[in-house]
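A quick write-up on the structure given underneath.
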Amino acid sequence: MDEINEVYDKLGGIISKDDFTRKVEEKVEQMSGLCDTKTAAMLVAHDLGVSDAGDNQLQKISGITANSGNVKFIAKVMSVFPAKEFNRNDGTIGRVANIMVADETGSVRLTLWDDRADLVKTGEIEVGQTYQIAGYVKEGYSGVEVNIGNNGVFCQSDENIEARIDSKQIKDIQNGMGDLNIRARILDISDIRTFNKKDGSTGKVANILIGDETGKIRVTLWDEMADLTTELEIDNSVEIINGYARENNFNQQVEMQVGNRSTISKIEDEVEFKEDFTSISDIIPGESYSISGQVSGLGEMREFNRDDGTVNMVSNIYVSDDTGRIRIALWGDHALLVDQLDIDMAVEIIDAFSKSGFNDEIELSAGNRTKINIR
DNA sequence: CCCCCCCC
């Protein structure tokens, strides 16, 4: 027993003495008596990320990289994702679940298997709990993940952890990013739409527009996440955990996606947002812009038939600022605004899409995602 | 995975 104690003392309390002893016994059994207790204890210690050199330091999450190998640390649960079942080659049913944990230096995704994945299913693992964790690092679907394998440790701790989620700023969001955490203000909320998936089932989708001090981005919420939009209001500040960024294939704008691996929740801290208006002379085709200026031209409202036979309305106005003048096509209900507008009225056109239009001149399209303020 | 920027 002394020899177990000696090894145990190097572990820095990452695991209880009882658990350690049990693991050592299991290890002896696994090795079919081919190793003694001391060796088994050292093997278990090694599995827990403790080297013979007595390196029993707990790591911080910020120091975990794809090459870290075995790691151990203490962290707080920030989000829990649904467990999934899969079939193993031997016919048994495996279970896997992911949770996101954080310490004061950053956050990392954990992968739990089988019995531990079941703890997710039963709700025993909850946001806010703190755990002692030992596992091995691998490069996962969306970056570095810590796997808690058979020899890993995952036990609750009463340590007080100051968890920090490293939020990105909206301006830094790039196509392809995963595990994206954002704190932002809600600028707009869409209705929930349903659609048919390729597999024949019905999907749900909704959008919100969010902004922070650095910019704004459209967020797409899928299925059960789409329902959450009914609980949100414009000007709420929210935190999105584990979103991902994808370019849409319509106008190549990068959007943030919120699916079943993500969470969105209201936060107390208010995130500030200020609209960034572009000078008219700086507008190039193929982008979304907001401009502020005066009405400098008004056209007539017209109805027209689209190819699919539906009727729509359009009117054209011109807006000028210190730098130039641009034509703006107002579609749908926006077309009716020509009745309220007069030359020299101050207007803000928020989120209109630019393109090269009639006579190759750049114009803005004010569609259903555009907001128009008369000031 | 959805919406879609369309007129003269």
Side-chain angles (χ1 to χ4, degrees), chain A residues 82 141-142 175-176 178 187-210 216-230 242-262 264 278 283-291 297-319 325-339 341 349-372:
Chain A
Y141 168 78
S142 51
N175 189 23
L187 308 176
D188 203 10
I189 303 171
S190 80
D191 291 332
I192 300 170
R193 306 179 294 278
T194 57
F195 65 96
N196 298 316
K197 293 185 185 180
K198 277 168 194 150
D199 66 6
S201 63
T202 302
K204 272 186 284 190
V205 62
N207 294 99
I208 58 175
L209 184 69
I210 59 169
K216 60 184 167 185
I217 192 166
R218 187 169 184 251
V219 180
T220 302
L221 303 102
W222 299 99
D223 297 319
E224 62 269 36
M225 301 310 290
D227 292 327
L228 290 180
T229 54
T230 59
N242 297 312
Y244 55 100
R246 294 287 181 275
E247 211 175 76
N248 72 25
N249 45 23
F250 168 60
N251 60 11
Q252 281 63 252
Q253 303 270 300
V254 174
E255 298 179 347
M256 196 167 161
Q257 308 284 325
V258 173
N260 60 6
R261 290 161 68 98
S262 322
I264 179 166
T278 301
I283 294 175
I284 56 168
E287 303 276 341
S288 186
Y289 291 106
S290 300
I291 63 166
L298 283 168
E300 293 285 300
M301 213 267 296
R302 273 178 301 110
E303 285 191 342
F304 66 95
N305 296 307
R306 281 184 289 210
D307 287 348
D308 65 3
T310 57
V311 178
N312 199 4
M313 302 178 285
V314 64
S315 61
N316 290 291
I317 65 170
Y318 282 85
V319 169
R325 184 169 186 251
I326 193 165
R327 188 161 70 92
I328 302 165
L330 309 177
W331 302 99
D333 288 343
H334 288 316
L336 300 168
L337 273 177
V338 284
D339 291 339
L341 292 172
I349 314 287
I350 316 286
D351 298 328
F353 200 73
S354 64
K355 58 176 195 169
S356 187
F358 201 55
N359 281 345
D360 284 337
E361 282 175 15
I362 295 179
E363 63 178 48
L364 290 177
S365 257
N368 54 8
R369 285 178 204 163
T370 307
K371 225 189 285 178
I372 300 177

Contact nearer the 5' end of DNA chain B, comparing A:Thr220 with A:Arg306: A:Thr220

NA contact type, [X], heavy-atom cut-off 4.0 Å: base, sugar-phosphate, or nothing?
{"X": "A:Asn316", "result": "base"}
{"X": "A:Asp191", "result": "nothing"}
{"X": "A:Lys355", "result": "sugar-phosphate"}
{"X": "A:Glu363", "result": "base"}

Please name the pair of heavy atoms, one in [X] and one in [Y], separated by the smallest distance, quoted to 0.1 Å.
{"X": "A:Leu221", "Y": "A:Ala226", "value": "O-CB, 3.5 Å"}
{"X": "A:Ile362", "Y": "A:Ile283", "value": "CD1-O, 3.4 Å"}
{"X": "A:Ala335", "Y": "A:Met301", "value": "O-CG, 3.6 Å"}

Please report, to 0.1 Å, the donor-acceptor pairs under 3.5 Å made by any side chain of residues 327-334 of chain A, with sequence neighbours excluded.
from: A:Arg327; atom 1: NH1; to: A:Asn316; atom 2: OD1; distance (Å): 2.7
from: A:Arg327; atom 1: NH2; to: A:Glu363; atom 2: OE1; distance (Å): 2.4
from: A:Trp331; atom 1: NE1; to: A:Ser365; atom 2: OG; distance (Å): 3.0
from: A:His334; atom 1: NE2; to: A:Gly367; atom 2: O; distance (Å): 3.0
from: A:His334; atom 1: NE2; to: A:Thr370; atom 2: O; distance (Å): 3.0

Residues in side-chain hydrogen bond (donor to acceptor under 3.5 Å, both in side chains) contact with A:Lys198, at least two apart in sequence or another chain: none

Pairing residues for A:Thr310 by the side-chain hydrogen bond (donor to acceptor under 3.5 Å, both in side chains) criterion, not counting sequence neighbours: A:Arg306, A:Asp308

Residue that, paired with A:Asn207, satisfies side-chain hydrogen bond (donor to acceptor under 3.5 Å, both in side chains) out of A:Glu255, A:Arg369, A:Arg218: A:Arg218

Contact list for DNA chain B against residues 364-372 of chain A - heavy-atom distance below 4.0 Å: A:Ser365, A:Arg369

Partners meeting ring pair (Phe, Tyr, Trp, His ring centres under 6.0 Å) with A:Phe358 (sequence neighbours left out): none

Positional range of nucleotides in DNA chain B within the contact set of chain A, heavy-atom, under 4.0 Å: B:dC1 to B:dC8

